[in-house]
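Here the structure is laid out as structure tokens; the discussion comes afterwards.
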Amino acid sequence: MSPRAACRLEALGFTDLYDYAAGKVDWLAHNLPTEGARADAPTAGSRLRHDVPTAMPDETITTIRARVDASPYGFALVLTADRTLLGRLRHADLAADSDTPAHEVMEPGPLTLRPHEALADIESDMRDHHLTYMIVTNPEGQLLGIVHSDDLRDTNATSFDEGSRSTGSGL
């Protein structure tokens with residue numbers, strides 16, 4: 001908040017005031033462009049796939065299942081209108097009654113990571129936990145994409161809109 005707003009709030013009797021100034025890590029966590037010696041370091045943000053199937057909370061499983069079946073993935077991510085991640089629908093969740101809305105069967109609050117995290121760390125975590133993909137969001141929880149384990153092995157790749165069907169354990 002601005003110093004003027006802080007003064008005004010203090011005058012109104014508020015005592016616990018903070019001045020948040022977004023810093024470098026916040027910039028990186030939003031996957032914004034960088035400069036300098038480490039600007040080309042491989043990160044989750046440099047390997048994002050944007051073609052993951054998504055769904056709204058009130059969409060029916062039948063509608064979502066068709067979208068997932070037409071994709072190279074075995075899951076869908078449930079988002080709000082502003083792309084905030086609410087949950088994940090695994091392949092097994094898509095076998096539910098056809099009129100069931102996504103929010104009733106989704107796995108709420110799946111594990112995510114930020115786009116500035118180093119690929120070497122992500123690859124190690126994915127290998128150790130037998131994961132096929134990881135979900136990448138910004139600090140506000142909005143979906144940026146996913147990182148697939150196949151893309152971590154190919155450090156020269158630049159486009160990640162195609163890939164093998166992922167029905168593995170995910171996150």
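Below, all heavy atoms of this structure are taken into account, side chains as well, without hydrogens, waters or symmetry copies.
Evaluation of the side-chain hydrogen bond (donor to acceptor under 3.5 Å, both in side chains) rule for E10 yields no partner, not counting sequence neighbours. Scored by the side-chain hydrogen bond (donor to acceptor under 3.5 Å, both in side chains) test, E117 finds no partners at all (sequence neighbours excluded). For D82, the side-chain hydrogen bond (donor to acceptor under 3.5 Å, both in side chains) partners are T80, T84, not counting sequence neighbours. With sequence neighbours excluded, the residues satisfying side chain to side chain contact (heavy atoms under 4.5 Å, CB included) with P139 are D26, A29, H30, R114. Partners of P53 by side chain to side chain contact (heavy atoms under 4.5 Å, CB included), not counting sequence neighbours, listed by chain and number: R67, V68, S71, Y73, A76. Considering only residues two or more places apart in sequence or on other chains, S124 meets the side-chain hydrogen bond (donor to acceptor under 3.5 Å, both in side chains) condition with none of them.
No continuous path of hydrophobic side-chain contacts links L89 to M56 [ILVMFWY only; heavy atoms under 4.5 Å].
The shortest side-chain heavy-atom distance between L77 and I135 falls under the 4.5 Å cut-off. Inter-residue side-chain proximity for M134 and I122 is flagged as met; some heavy-atom pair is nearer than 4.5 Å. Looking only at side-chain heavy atoms (C-beta outward), T34 and L28 come within less than 4.5 Å of each other. Counting heavy atoms from C-beta on, the side chains of T112 and V136 never come closer than 4.5 Å. With a 4.5 Å cut-off on side-chain heavy atoms, R65 and I61 count as touching. H116 is listed as a side-chain neighbour of V25, based on a closest heavy-atom distance under 4.5 Å.
I64 approaches A102 most closely through the heavy-atom pair CD1-CB, 3.6 Å. Contact detail for T137 and L144: the closest heavy-atom pair is C-CD1, 3.9 Å.
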